[in-house]
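Heads up: numbering here begins at 1 and tracks the sequence.
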Amino acid sequence: MTNKIFNEALIAKYDKAGPRYTSYPTAVQFTEEFGSKEYQQAAAESNARKNPLSLYFHIPFCATICFYCGCNKIITNNRKRSQPYLDRLFKEMEMQGELFSNRAPVKQLHWGGGTPTFLSHDEMRSLMEKTREEFNLLSDDEAEISIEVDPREADADTVRFLRSIGFNRLSMGVQDFDEKVQVAVNRIQPKEITIETLTAARESGFNSISLDLIYGLPFQTVDSFNRTLEEVIELSPDRLSVFNYAHMPHLFKTQKQMNPEDMPSPQEKLLILKQVIERLTDAGYVYIGMDHFAKPTDQLAIAQKEGLLYRNFQGYSTHSDCDLVGMGISSISQIGDIYAQNAKIMPQYEAMIDRGELPIMRGVKLTKDDLIRRHVITEIMCNLKLDLDKVSEDLGIDAREYFKDDLPELNAMQEDGLIIIDNDRYYVQDAGRLLIRNIGMVFDAYLRKNDNRFSRVI
């Protein structure tokens with residue numbers, strides 16, 4: 001299968017900067033002209049539709065900094081900083097809870113960061129209790145309740161505690177087991193710690209365990225990353241995310257702490273990527289697309305097979321029917337035809353909460369064209385196909401006419417083997433999975449060449 005997916009000539013041809021399409025339009029199009037008034041209207045419409053909800057809480061604190069990280073985070077060893085943040089987060093939850101009907105079931109809950117397990121056990125328990133107080137969180141066997149975990153901040157006792165308060169899915173950052181790489185990126189995480197956390201999660205009855213890896217970091221080689229892959233495959237997680245490190249120090253200053261001369265060359269990175277695809281697919285994982293792999297029995301693989309996979313700001317998801325409510329600093333909500341982002345700087349977030357305001361700083365209301373193109377890009381990115389007749393029927397347009405200026409580019413992609421076209425049905429082929437962002441970009445009305453705000457697709 002690797003030979004079908006990995007074609008160096010095609011990669012060279014299509015390797016350019018482009019969005020990851022966790023949203024369309026992307027956050028580049030968000031504007032400060034959008035505010036709480038527009039958000040409240042969207043919430044009212046969601047209530048009228050009786051849409052189920054997905055909740056996201058951003059916990060921004062980290063005890064140490066990982067040099068590669070581009071997340072919104074606050075580096076501190078002062079554990080006393082978390083409670084004032086939670087106090088304000090609780091106020092935001094109360095404001096959001098008033099906007100959404102208590103009858104709206106919450107099918108998904110996710111804590112991201114930062115490092116959510118920076119919080120004490122008592123703080124985590126109180127946050128979960130407050131969530132159940134303000135929202136209709138479904139029971140353990142009905143909802144996906146997930147958390148991002150740093151094994152350095154979550155021993156076996158903490159993992160068992162997380163399961164006891166309702167979490168049933170867990171993702172862990174690993175990045176690389178090689179000690180030299182760990183030192184270079186300032187993330188010292190012995191393999192034994194990761195194994196302890198993973199074992200505790202299995203013994204505690206978590207439904208799904210995911211590991212995150214990154215390739216392209218200092219001192220990584222084909223051989224060194226192969227050793228990490230061997231160890232990861234032996235651990236047998238349900239899902240794997242293997243991200244391409246994007247060196248963008250002009251956007252993320254901490255990346256300047258790493259020496260570009262120590263990073264693998266573009267050719268070496270391609271060989272690592274080829275190896276990743278080969279080793280994981282040979283081990284039985286399904287290549288979902290982009291950076292994601294899952295066992296055939298995992299909900300991601302099942303949803304994609306059934307044409308029900310979805311994509312939002314947390315990545316691939318199985319609940320496309322949910323409106324996403326993001327809470328906490330920098331969180332992004334996706335409700336109907338709007339995106340809304342909270343204040344990204346802590347003093348702004350604190351001041352707005354203290355004034356009794358929703359901390360929304362920017363967002364966008366989608367146009368009819370945005371909604372049409374979002375639908376098409378989502379179909380391609382998630383379900384690896386596009387049926388123009390079905391698009392026409394679902395959206396009330398003549399899709400062939402609507403996309404007449406875009407479709408010719410897909411003809412060239414068919415010639416390159418990325419897709420197959422059959423009577424206005426477009427099917428992504430194995431080679432197209434790796435270049436799925438490029439296929440989606442065909443329908444992006446906002447895209448501009450040489451935009452350094454996006455990472456390269458490979």
Side-chain angles (χ1 to χ4, degrees), residues 4-5 7 9-31 288-290 304 306-312 316 320 334 336-339 363-458:
K4 296 180 180 179
I5 295 175
N7 183 308
L10 287 181
I11 290 171
K13 177 177 180 179
Y14 286 96
D15 188 19
K16 58 183 179 180
R20 298 181 61 83
Y21 292 119
T22 50
S23 73
Y24 181 85
T26 67
V28 173
Q29 306 304 323
F30 292 5
T31 172
I288 300 297
M290 293 179 62
Q304 186 175 68
E306 295 177 349
L308 299 174
L309 196 63
Y310 187 60
R311 191 161 173 79
N312 61 22
Y316 286 108
S320 61
Q334 177 179 334
D337 62 355
I338 66 100
Y339 298 114
V364 63
K365 182 176 175 61
L366 278 64
T367 65
K368 181 179 180 180
D369 181 67
D370 291 335
L371 293 168
I372 291 170
R373 292 180 181 274
R374 180 173 74 175
H375 177 88
V376 168
I377 290 172
T378 299
E379 277 292 292
I380 293 168
M381 298 291 294
C382 296
N383 299 317
L384 308 176
K385 62 184 180 181
L386 181 64
D387 184 336
L388 293 186
D389 287 334
K390 191 171 188 308
V391 171
S392 297
E393 180 181 349
D394 291 346
L395 302 183
I397 62 172
D398 182 343
R400 297 172 189 81
E401 176 65 22
Y402 197 92
F403 296 114
K404 64 181 180 181
D405 294 332
D406 306 307
L407 295 175
E409 192 170 345
L410 294 181
N411 295 330
M413 290 184 170
Q414 178 176 233
E415 294 177 5
D416 286 335
L418 302 189
I419 61 173
I420 286 180
I421 305 174
D422 181 15
N423 293 326
D424 290 326
R425 294 182 177 89
Y426 298 75
Y427 301 96
V428 178
Q429 300 303 289
D430 288 337
R433 288 176 181 252
L434 188 60
L435 299 166
I436 195 70
R437 289 161 72 177
N438 299 81
I439 302 174
M441 286 159 63
V442 169
F443 297 93
D444 190 329
Y446 296 97
L447 202 57
R448 297 291 181 267
K449 295 180 179 180
N450 301 318
D451 192 333
N452 65 2
R453 289 170 291 188
F454 299 120
S455 61
R456 301 189 73 81
V457 299
I458 300 295

Verdict with reasoning, V428 to L386, per side-chain contact (heavy atoms from CB on, under 4.5 Å)
CA-CA 9 Å; V428 178; L386 181 64; over 6 Å; no
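- We find the CZ-NE2 distance between F443 and H375 to be 11.0 Å, quoted to the nearest 0.5 Å.
- A salt bridge links E401 to K404: one of the charged nitrogens lies within less than 4.0 Å of a carboxylate oxygen.
- Salt bridge D337/K365: present, at least one basic N to carboxylate O contact under 4.0 Å.
- Note on R374 versus D370: no salt bridge recorded, every NZ/NE/NH1/NH2 to OD/OE distance being 4.0 Å or above.
- Rounded to the nearest 0.5 Å, atoms CD1 (I419) and CZ (R425) are 14.5 Å apart.
- Side-chain atoms of S392 and D389 include no donor-acceptor pair closer than 3.5 Å.
- Residues V376 and F403 are in side-chain contact: their nearest non-hydrogen atoms beyond the backbone lie under 4.5 Å apart.
- Expressed to the nearest 0.5 Å, how far CD1 of I439 lies from CE of M413 amounts to 6.0 Å.
- Taking both residues in full, the closest heavy atoms of T22 and Q334 are given as O-OE1, 4.5 Å, listed atom of the first, atom of the second, then distance.
- In this structure, I288 and L309 have side chains that are in contact, with non-hydrogen atoms separated by less than 4.5 Å.
- Among all heavy-atom pairs drawn from Q429 and G417, the shortest one is CB-O, 3.5 Å.
- Considering all non-hydrogen atoms of both residues, Y14 and A412 come closest at OH-O, 4.2 Å.
- Within the model, atoms OH of Y24 and CG of L371 stand 10.5 Å from one another, a figure rounded to the nearest 0.5 Å.
- Looking only at distances, a side-chain donor or acceptor of Q414 sits under 3.5 Å from a matching main-chain atom of I421.
- Side-chain contact between S320 and L308 is absent, with no heavy atoms from C-beta onward closer than 4.5 Å.
- Counting heavy atoms from C-beta on, the side chains of E379 and D394 never come closer than 4.5 Å.
- The two atoms that bring N438 and K16 nearest to each other are ND2-CE, 4.0 Å, heavy atoms only.
- With values rounded to the nearest 0.5 angstrom, D416 atom CG is found 5.5 Å from L418 atom CG.
- For the residue pair D444 and Y446, the shortest heavy atom distance occurs at OD1-N, 2.8 Å.
- Taking each heavy atom of S23 and T26 in turn, the nearest pair found is OG-CA, 3.4 Å.
- Summarising the geometry, atom CG belonging to L395 is positioned 9.0 Å from atom NZ belonging to K368; distances are rounded to the nearest 0.5 Å.
- You'll find the side chain of T378 stays beyond 4.5 Å of the side chain of Y21, heavy atoms only.
- Listed for the R400 side chain is no donor-acceptor partner under 3.5 Å among the backbone atoms of L407.
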